[in-house]
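Only one structure is covered here, and it is reproduced in the block below.
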Amino acid sequence: MTHKIRVNQLGKEYRLGAAQGLRHPAFVRRIALRFNQIFGTHLQEKQAKDSFWALNDISFDVKPGETVGIIGRNGSGKSTLLKILSRITTPTRGVVELNGHLSSLLEVGTGFHPELSGRENVFLNGALLGMTRNDIKNKFDEIVAFSEVAKFIDTPVKHYSSGMYVRLAFAVAAHLDPDILVVDEVLSVGDGGFQRKCVGKMSEAAKNNRTILFVSHNLLAVRALCSRVIVLDQGHIVMDGSTEDGISTYSRLNADTADLVSRNSQDRLARSNGAVRFTDAKIVDASGQERTKFNEGETVNLSFRLRSFQSVPSLAICVCIRSSLSGEYITTVKKTLSAGPVLPSELEMPVKIEFPNIALRPGDYSFFIWLGDEAIDNSWDVLDENVSFPWLTITSDRVDRENLMGYFTIPANFKTA
């Protein structure tokens, strides 16, 4: 067997506002039929205009034991693809072949009953996900230990916090033993420590020759888990290849949609108020050339242009650097750019942050960049990898680089006397 999943010329069409099925009274259908007889051409044209292809001519194979990331902007067709693979919805055209038992993690906690205890919901949810009662009994202690809610396992889940609820739900789903596992954006549950446990569990499944399709906007998790990435855009595959190439393609797609002021505004404004915004942001070298790959010890510059859309009392910038390997923030730099008088609206300001002879060890790093007022803890704007700010890759020519641990190279003098 050369593949676990084979998708050939898959397409899914949706009709916007079209009458669906038998929910409509007979007289409405008769009126619609009569109008179609009179204005058939007009209605056919309108129907074509009011339909769209969520997926169009999708083809790919997944080999046994592969972990494939599926990424793309909102509305690109990712969830539609997983629903078709999971037999939740049917395709309009095309063929899907699955060799082996498939389980889906599309929405953590589906099927939990609030009046039942955690113990009862483990058995209920496990059965809904396709586990036998004996499987659940054999894995029960392991599931509860993983979820970290042992103390409350006999308490009705309606009394659980949201974090406890999703941890238990994920713990059940994480202990499935399917040949093929389809995962949609579920590794965002719990706190940072629990998320790392989730990534570890997924990695363990991959090492046990499970075939995994993983959809996520968390590029750190995609990098950690996936050896191959498929990028979707407007229902089409635009790239199918290595994880690095896939993430680069995804970043370019986001960068091409609009300037930094307008793109991903909903996500950015959910975390800030937009009083002062980044209108341009990039990584450049010492000569001003834009690039993301640097050798250890080179000078790395973050170049920004800011614009104020209303008057603000103070302006500070903070840059946090995070390791793609662990997901941890490893260092932070910050600077107050203006502490008063009031910064006027419609002001534009260039800002450059220079990291001379960067001491980061080889690896991939992402940024969280905050713009705001420290005194009153107000956020004006934020940037990170989820809104297309690029990753930084540090390389090295050192022959001993594989044996070095940690994130930084710091000067040290060794003496024997």
Side-chain angles (χ1 to χ4, degrees), residues 219-220 222-223 229 231 239 241-261 263-264 268 276-307 315-337 348-371 381-402 404 406-412:
L219 300 184
L220 286 170
V222 172
R223 281 174 181 264
V229 162
V231 184
M239 208 287 302
S242 71
T243 302
E244 289 303 321
D245 289 344
I247 290 175
S248 296
T249 300
Y250 174 71
S251 297
R252 285 197 300 273
L253 284 173
N254 280 328
D256 290 343
T257 57
D259 61 72
L260 197 59
V261 177
R263 73 176 184 246
N264 298 296
R268 290 165 68 189
V276 184
R277 305 295 300 276
F278 293 102
T279 59
D280 188 38
K282 55 193 174 185
I283 304 173
V284 298
D285 60 20
S287 65
Q289 175 97 25
E290 186 173 357
R291 60 189 175 103
T292 59
K293 292 186 178 181
F294 291 78
N295 202 36
E296 189 178 23
E298 281 194 272
T299 294
V300 176
N301 296 304
L302 304 184
S303 177
F304 307 104
R305 181 165 289 277
L306 315 179
R307 182 182 176 190
L315 183 64
I317 189 168
C318 177
V319 176
C320 304
I321 302 179
R322 182 164 61 177
S323 165
S324 67
L325 184 63
S326 67
E328 295 176 314
Y329 288 106
I330 58 174
T331 191
T332 300
V333 296
K334 62 181 179 179
K335 176 72 173 176
T336 298
L337 304 176
E348 295 202 7
M349 177 190 301
V351 176
K352 183 171 77 172
I353 302 174
E354 183 181 73
F355 297 95
N357 305 316
I358 197 158
L360 291 173
R361 286 192 170 146
D364 297 315
Y365 301 89
S366 66
F367 294 91
F368 176 83
I369 305 159
W370 176 89
L371 198 63
D381 199 4
V382 291
L383 294 177
D384 58 19
E385 73 274 8
N386 292 321
V387 289
S388 307
F389 192 79
W391 291 69
L392 173 67
T393 299
I394 302 295
T395 60
S396 177
D397 298 326
R398 295 174 54 151
V399 295
D400 62 344
R401 63 183 181 273
E402 298 295 333
L404 298 177
Y407 301 115
F408 300 101
T409 301
I410 61 174

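- Checking each of Val319, Ile321, Ile353, Val382 against Ile369 for a side-chain contact (heavy atoms from CB on, under 4.5 Å) leaves exactly one that passes, namely Val319.
- Between the CZ atom of Arg361 and the CD1 atom of Ile410 there is a distance of 8.0 Å, given to the nearest 0.5 Å.
- For the pair Ile330/Leu360, a side-chain contact is recorded, criterion being any heavy-atom separation below 4.5 Å from C-beta on.
- In this structure, Tyr407 and Tyr365 have perpendicular ring planes: the angle between them is above 60°, well past the 30° mark.
- Side-chain contact between Asp381 and Val276 is absent, with no heavy atoms from C-beta onward closer than 4.5 Å.
- Taking each heavy atom of Thr395 and Asn295 in turn, the nearest pair found is O-OD1, 2.9 Å.
- With Leu306 as the partner, the side-chain contact (heavy atoms from CB on, under 4.5 Å) test is satisfied by one option alone out of Leu371, Thr279, Asp280: Leu371.
- Every residue two or more places apart in sequence or in another chain that forms a side chain to side chain contact (heavy atoms under 4.5 Å, CB included) with Lys334 is listed here: Cys318, Glu374.
- For Thr393, the side chain to side chain donor-acceptor pair (under 3.5 Å) criterion is met by Asp364, not counting sequence neighbours.
- Using a 4.5 Å heavy-atom threshold, the side chains of Pro362 and Glu296 count as touching.
- Across all non-hydrogen atoms, the minimal contact from Asp245 to Met239 is C-CE, 3.7 Å.
- Atom CG in Leu392 sits 5.0 Å away from atom CD1 in Ile283 (nearest 0.5 Å).
- Annotation: side chain to side chain donor-acceptor pair (under 3.5 Å) contacts of Glu244 (sequence neighbours excluded): Arg223.
- Scanning for side chain to side chain contact (heavy atoms under 4.5 Å, CB included) contacts around Ser366 gives Leu220, Arg322, Glu385, Trp391, with sequence neighbours left out.
- In terms of heavy atoms, Pro356 sits closest to Thr299 at CA-OG1, 3.7 Å.
- A 4.5 Å side-chain heavy-atom check between Glu348 and Arg307 finds at least one atom pair inside the cut-off.
- Side-chain contact between Trp370 and Ile317 is absent, with no heavy atoms from C-beta onward closer than 4.5 Å.
- By the side chain to side chain contact (heavy atoms under 4.5 Å, CB included) test, Arg291 is found to be paired with Asp285, Phe294, Glu298, residues two or more places apart in sequence or in another chain being considered.
- By the ring pair (Phe, Tyr, Trp, His ring centres under 6.0 Å) test, Phe355 is found to be paired with no residue, residues two or more places apart in sequence or in another chain being considered.
- Here the closest non-hydrogen pair linking Gly246 and Val229 is CA-CG1, 3.8 Å.
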